[in-house]
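Residue numbers start from 1 in every chain, and the chains themselves are labelled A, B, ... in the order their sequence lines are given, proteins ahead of strands. Everything numeric here is computed off the predicted structure, so don't read it as measured data.
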Amino acid sequence: MIHYLTDPFQYLFIERAMIGAVVIGILCAALGTFIVLRRMAVVGHALTHSALPGLVVAFLMGGSLFAGALTATVLTAFGIGFLARDESVYEDTLVGMIPNVMFAFGILLISTTKSFRDLFSMLFGNILGITDGDLHLILLIAAVVLVALFLFYKELKLFSVDPNYAKTIGMPVNAIRYGLLLFLSLTVVVGIQAVGTVLTNALLVVPVASARLLTDRLGRMITLSCIFAVLSAVGGVYASYYLGTASGASIVMFCSLIFALAWVFKFVKSACLRKGS
Amino acid sequence: MKFPYCSHSHSHPDPHAPALEIKGLGVSYLSEGKFALKDFDISIKAGSAMALVGPNGAGKSTLFKAICGLLPVRCGTIRVFGFPLGACHNRVVFLPQRSEIDWQFPLSVLDFVTMGRYVYLGWFFPCTKKDINIARDALKEMNVLDLAHRQISQLSGGQQQRVLIARALTQNADLLLLDEPLNAVDVTTRQTVGEVLQKIKAQGKTVIVATHYYDHEEGRYDGAIYLKDGKQISGTKDQQGPEDLGCDCP
């Protein structure tokens with residue numbers, strides 16, 4: 001029985017995929033907690049879609065896909081932040097508009113390449129195809145973002161619950177906001193490696209939504225989100241190996257399954273409590 | 001070694017300067033061209049309790065936000081304890097209206113109140129036992145110590161208000177700006193808030209309270225500042241009562 005668990009690891013690409021998926025899962029879940037609680041999930045969704053033209057331009061020019069995606073997402077994140085700073089255009093309007101324009105531009109560029117295999121990989125990711133270089137980059141970005149979240153934990157808490165108070169005590173809230181957007185851009189770019197531009201936002205949001213159903217303590221929420229993300233990553237990679245399914249979609253389906261279980265658990269628990277009282 | 005949020009955040013107040021001195025203040029919101037507050041002048045001596053009276057939209061919150069640096073000053077000057085804006089963050093605390101806070105955030109009451117100590121901690125350093133004890137004392141002062149481990153999402157309106165004031169007490173500021181702290185709260189909270197305001201004043205701190213209820217609480221304040229349509233209205237309460245301002249007093 002145990003060989004079902006160990007067999008896949010005879011292949012180096014599975015080992016890389018498993019490490020990459022787990023690290024990306026933890027990164028997305030930890031940052032995703034603040035993104036969801038700050039009600040910025042829609043911004044994450046926007047950034048994932050904005051990466052496409054950067055990826056395509058980098059692909060066409062033979063450059064680094066990572067650099068292409070990062071440039072596109074950072075430009076979008078900071079563009080939204082800049083244009084929304086004086087509220088002359090609502091932020092949600094920009095979030096609804098700019099990524100769609102970027103995504104359309106990306107599709108337009110892809111249509112010139114006549115290669116739909118590349119389109120599939122960019123849209124839905126391919127964690128099984130990551131190289132050693134990709135894995136090192138994922139580990140480096142995860143280390144930077146997770147250390148920053150640890151160091152600025154209390155500032156992120158205050159910035160999320162009461163940004164005006166944070167500003168009145170001299171906290172540079174704009175720098176924190178742009179920092180969060182930068183971390184989100186970095187996370188989205190590595191998330192694209194695992195599940196592609198279309199599904200990355202699910203990694204940021206679904207494990208956190210599942211944890212939110214089970215706890216109302218921030219520390220526990222982050223821990224549970226990370227556990228759910230790791231379970232989804234491991235389950236997704238195994239499913240992809242044994243069933244031959246798309247790795248990104250498999251990871252996201254595991255996330256969704258955990259959400260469904262958490263919802264049922266909460267529903268049953270609430271029903272029992274109501275019955276007991 | 002400390003890493004303050006702002007390089008000027010720990011200047012000590014000048015004991016001889018007024019707590020708040022404003023000259024020719026004009027404030028507007030970034031998205032709007034017109035002034036939300038215009039030609040505002042005031043000098044409030046340290047240790048006094050003032051009411052800021054006016055109907056909704058008069059500019060009370062705008063004034064507080066300008067004093068705290070939340071809104072840019074378009075013209076005029078604001079000096080707090082003799083210092084320009086932003087030079088003594090730890091000495092000024094603004095208590096916003098409850099609706100401006102995300103009460104659904106997963107945080108305990110004690111964690112929330114302890115945030116009042118962040119201005120002293122700065123970057124990287126977590127709260128110490130001493131900070132937590134200060135927060136607990138503030139909760140006790142507001143008669144809500146039993147709620148310390150409850151989630152802020154489970155508080156009633158009156159409890160939210162008391163917890164907000166507890167956070168302000170935790171900061172131990174010298175100038176407190178309270179934006180309608182008595183709006184839509186229960187009688188117990190109203191009594192507790194009133195008693196605490198008296199204690200704060202007795203400690204030599206300066207309090208400015210934006211309120212609709214000046215008629216009922218006149219005795220608590222040393223004076224009142226009247227606002228209407230973003231303009232300061234001169235005169236005493238006898239000459240210019242809340243009814244003339246269009247306040248919806250009960």
**Q.** Contact origin within Ser153(B) toward chain A - heavy atom pairs under 4.5 Å
**A.** neither

Q.
Taking the side chain as everything from C-beta on, heavy atoms only, tell me whether Val27(B) gets closer than 4.5 Å to Phe35(B).
A. no

Q: Would you mind checking which part of Arg38(A) comes under 4.5 Å of any heavy atom in chain B, side chain (CB onward), backbone (N, CA, C, O), both or neither?
A: neither

Q: Identify which of Val93(B), Leu70(B), Val92(B) forms the greatest number of heavy-atom pairs closer than 4.5 Å to chain A.
A: Leu70(B)

Q) Gln171(B) versus chain A, heavy atoms under 4.5 Å apart: side chain, backbone, both or neither? A) side chain

(Q) Between Phe64(B) and chain A, with a heavy-atom cut-off of 4.5 Å, which part of the residue counts as in contact: side chain, backbone, both or neither? (A) neither

Q: Measure from NZ or CZ of Lys154(A) to the centre of the six-membered ring of Tyr118(B), then state whether that distance is under 6.0 Å and the direction lies within 45° of the axis.
A: yes

(Q) Could you tell me if Arg177(A) sits above the aromatic ring of Phe159(A), with its cationic atom closer than 6.0 Å to the ring centre and no more than 45 degrees from the axis? (A) no

Q | Heavy-atom pair count under 4.5 Å with chain A, highest-scoring of Trp103(B), Phe112(B), Trp123(B), Phe94(B) | A | Trp123(B)

Q: Check each atom of Ile152(B) against the heavy atoms of chain A and say whether the ones under 4.5 Å are side chain, backbone, both or neither.
A: side chain

(Q) Between the side chains of Arg39(A) and Asp102(B), is the shortest nitrogen-to-carboxylate-oxygen separation below 4.0 Å, so that they form an ion pair? (A) yes

Q.
Between Met221(A) and chain B, with a heavy-atom cut-off of 4.5 Å, which part of the residue counts as in contact: side chain, backbone, both or neither?
A. side chain

Q. Hey, are Asp162(A) and Arg167(B) close enough for a salt bridge, meaning a charged N less than 4.0 Å from a carboxylate O?
A. yes

(Q) If I measure from the heavy atoms of chain B, does Tyr153(A) come under 4.5 Å with its side chain, its backbone, both, or neither? (A) neither

**Q.** Member of Asp131(B), Asp111(B), Asp137(B) meeting the salt bridge (Lys or Arg N to Asp or Glu O under 4.0 Å) criterion with Arg117(B)
**A.** Asp131(B)

(Q) Under a 3.5 Å threshold, yes or no: a donor from one side chain and an acceptor from the other, between Thr48(A) and Asn201(A)? (A) no

